[in-house]
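In what follows, every heavy atom counts, from backbone to side chain, and hydrogens, waters and symmetry copies are set aside. A note on names: the letters A, B, ... follow the listed sequences, proteins ahead of strands, and every chain is numbered from 1.
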Amino acid sequence: MNFVPLLLYAAALPAYWLHFSRRQQAVGRTATTLLVFGALAHTFVIGMETMQIGHVPIVSPSSAISTSVWLLALGYLYTEMTTEERAMGAFILPLLVALQAIAAFKGGIEDAAAAPILQGPLFSIHVLSLMLAYASLGLACMIGVTYVLLFKEIKAKQLGFFYARLPSLQVLDTMNQRAVILGWAFLTVGIIVGFIWTPQARAYAATDPRVQAMSLEDPTIFVALVCWGVYSFEAWVARRLGWGGRKTAYLSALGFAIVLLNFLPINYFLTRSHNF
Amino acid sequence: MHLLLVGVSHRTAPVDLRERLDFQARGVEGALRNLTARGVVREAVIVSTCNRAEIYAAGDDVNAAREDVVRFIGQFHGVEPAALGPHIYEKSDLEAARHLFRVSAGLDSLVVGEPQILGQVKDAHAAAARAQTVGPLVNRLFHSSFGVGKRVRTETALGSGAVSVGFAAVSLAKKIFGDLKGRNVLVVGAGEMGKLTAIHMKSQGVSRVTIVSRTMAHAARTAEAIGGASAAPWDDVDAALSAADIVITATGAAAPILTKAHVEQVMRSRRSRPLFIIDIALPRDVEAAAGEIEQVFLYNIDDLQQTVNENIARRASEVERAERIVGEEIDKFGGWFKSRGAVPTIVALRHHAEQIRKSELERLAFKMSALPPEVRDRIDDITRLIVEKLLLTPTEQLKALGDADTINAYTEVVNRLFALSQGAVEEEPETRGEPSNVEPFRTGPIDRRKTGR
């Protein structure tokens, strides 16, 4: 089911690239239309799964990725429609397509009955805030990348491709800061709720080795905290130390690389606690 | 009807002749009324700017119209035909259209891609509309040319990139800071260059301009000349540097007045706020190494000149794409323009058929007088529908014809087969002021759908 939005995202990607390089209005509108249909199809897919299993599909790694992609697509579309700025799409779409491809090819629909301990509201809040955090941080990362590309052109006095197409450094920097602070806030909520939920789950499922493994020694939890550290630094400390837009942009990219690390290899292979 | 262009531009005529042919000065609308009142030209628009004076006209006989327009230009401005002759150019039909499309696109401008021309072409059309000298042909021509101008502007970089040093500095500042409102500009040095650049920045909405100079009196005088600027003594230069977002240095100093170490020290107090330094002094006022500092963007006069040169080259490289757009639009316009060739015949054919229908109904009027009115109405509708359906395919075929030769051959055949005389009905469709397809009589639902009205 995740293939339909994947196909539409993959169709929107070259349209965004073409619009970025040629700047034809018609191509831009086509790109946005394809993405809107992709997001609609994705909404439908997630809605169907929700009805089928009785909760938002966030438990298995694949469906968690799919839901994050959906949130990221909606978040990006909101940004595009409020700022009338399509240039960022050329950078966000590859991320959407790559992550959605993982979700689609790894596949597998969640089993509703598999883990009764995952039914509580605390667990839903935990996972949903982390998804929102990851979507927001993914956006921040891509904005950071464009910031660095533009920064390098201006610094090197080679005013070319990106200079003609991207918004100003100031705008990119502000967008990056907002996305990071939003992402940091959701990350914080997600982690705190996780810590509140764990003792309850321990008591409830004393025999489940996955629940008992929930400690700082677990790679998923450990890396999430590292990630939180990086973003806390970027959101609250870096600017006070006089770090400019370029360095903080690199931090956004580093932070999101850690997020992806947690999402993909660790979540699929290494973790002992988060493999439901 | 043919399209015709007669005019002079910066490419063909010296400035003194262009000045003498300025229609703006003598009133475009009056000139247009004069021209059409002569009876040769039926529709006309005058595009008159400081770089060109062009008359776009439509008339039945292209040669007669051309001679009349040239004579009109000479008489209206009091210029001898001999003085006009070598500088004037004339184009007809699609070549005239291509010329206007290139003008609207900015391809024919002195500075290729300059943005004002499209507005001037629109104004020219609006003036002609006020003077009521526009008709279906020039209306269609000008509306198509607006589309060309818009496409070239959005789809190519023909008009993008600053082509003067001052604009290059402003566009860089905007790329770094976004909006310049609320930004502070510091000018170091009280010279002319610094003043001009500061005025340029001020016109872009920066909130504060401060002048620092070795001699306080000079600084104060320059600040006054800029208007709304303030002067500060040389000792305050560090404080002024910390407060500024954009620094323009233009002193006559022989050695750099801002070293890398100095700028580094200033940057510490600024935290992460970027600083854009424009060094337009020769020899340079700022050590080149200062540009290595994170969040410092240093451009000297050569760098700015370099970006200007690149922009000029980039505009030149976009010319080809813009010309391609002009070509595409000419094809579209040409399709419409050529299909007009068969229009008088179509009009005559339909008129002929309607005449037959009416006379037959009149002939039978006596026999039908016994029928109730609604039945007679029904007969009227049915006969009309039959005529419509019979003529639908021939009409479409005639409209779809391509080149002029084919059109001539077809219209000749149709005229002979039906013994049509076109003159009698040609006036009917040429209503002024609105471009539209020609409809000789009320059309039924079938025809309306097919012609896409």
Peer 1: Please say whether more than 12 non-hydrogen atoms of neighbouring residues, nucleotides or ligands are located less than 6.0 Å from CZ in B:Arg151.
Peer 2: yes
Peer 1: Using heavy-atom distances under 4.5 Å, tell me whether B:Leu304 contacts chain A through its side chain, its backbone, both, or neither.
Peer 2: neither
Peer 1: Return yes when atom CZ of B:Arg102 has more than 12 non-hydrogen atoms of other residues, nucleotides or ligands closer than 6.0 Å, and no otherwise.
Peer 2: yes
Peer 1: Flag the one option from A:Asp173, A:Val27, A:Leu159, A:Val171 with the top tally of heavy-atom pairs under 4.5 Å to chain B.
Peer 2: A:Leu159
Peer 1: Between B:Lys175, B:Lys174, B:Glu155, B:Arg270, which shows the greatest number of heavy-atom pairs under 4.5 Å with chain A?
Peer 2: B:Lys175
Peer 1: With a 6.0 Å cut-off (strictly less than), is the heavy-atom count around CZ of A:Arg165, excluding the residue itself, greater than 12?
Peer 2: yes
Peer 1: Heavy atoms only: give me the nearest A:Ser168-B:Gly178 pair and the separation to one decimal.
Peer 2: OG-CA, 3.1 Å
Peer 1: For atom CZ of A:Phe233, decide whether the heavy atoms of other residues, nucleotides or ligands shown that lie under 6.0 angstrom number more than 12.
Peer 2: yes
Peer 1: Where along residues 308-325 of chain B does a heavy atom come under 4.5 Å of chain A, listed by residue number?
Peer 2: B:Glu310, B:Arg314, B:Arg321
Peer 1: In terms of heavy-atom pairs under 4.5 Å, which option from B:Phe177, B:Phe297, B:Tyr299 contacts chain A the most?
Peer 2: B:Tyr299
Peer 1: Chain B heavy atoms under 4.5 Å from A:Leu166: which part of the residue, side chain, backbone, both or neither?
Peer 2: backbone
Peer 1: With a cut-off of 6.0 Å (strictly less than), are more than 12 heavy atoms of other residues, nucleotides or ligands near CZ of A:Phe3?
Peer 2: yes
Peer 1: Using the rule given for salt bridge (charged side-chain N to carboxylate O under 4.0 Å, His left out), can you reason through A:Arg246 versus B:Glu294, listing the C-alpha separation, both sets of side-chain angles and the distance that settles it, and then say yes or no?
Peer 2: CA-CA 8 Å; A:Arg246 186 180 64 104; B:Glu294 181 88 24; 2.5 Å; yes
Peer 1: So which atom in A:Lys155 and which in B:Gly291 form the shortest heavy-atom distance, rounded to 0.1 Å?
Peer 2: NZ-O, 3.0 Å
Peer 1: Nearest 0.5 Å, please: how far is OG1 in B:Thr156 from CZ in A:Arg22?
Peer 2: 12.5 Å
Peer 1: Contact between A:Phe151 and B:Gln295 at the side-chain level, heavy atoms closer than 4.5 Å - yes or no?
Peer 2: yes
Peer 1: Please state whether the side chain, the backbone, both or neither of B:Gln306 comes within less than 4.5 Å of a heavy atom of chain A.
Peer 2: neither
Peer 1: Considering only heavy atoms, which portion of B:Thr307 lies under 4.5 Å from any heavy atom of chain A: side chain, backbone, both, or neither?
Peer 2: side chain
Peer 1: Has A:Phe44 got more than 12 heavy atoms of other residues, nucleotides or ligands less than 6.0 Å from its CZ?
Peer 2: no
Peer 1: Please report the closest heavy-atom contact between B:Leu172 and A:Ile154, naming both atoms and the distance.
Peer 2: CD2-CG2, 4.1 Å
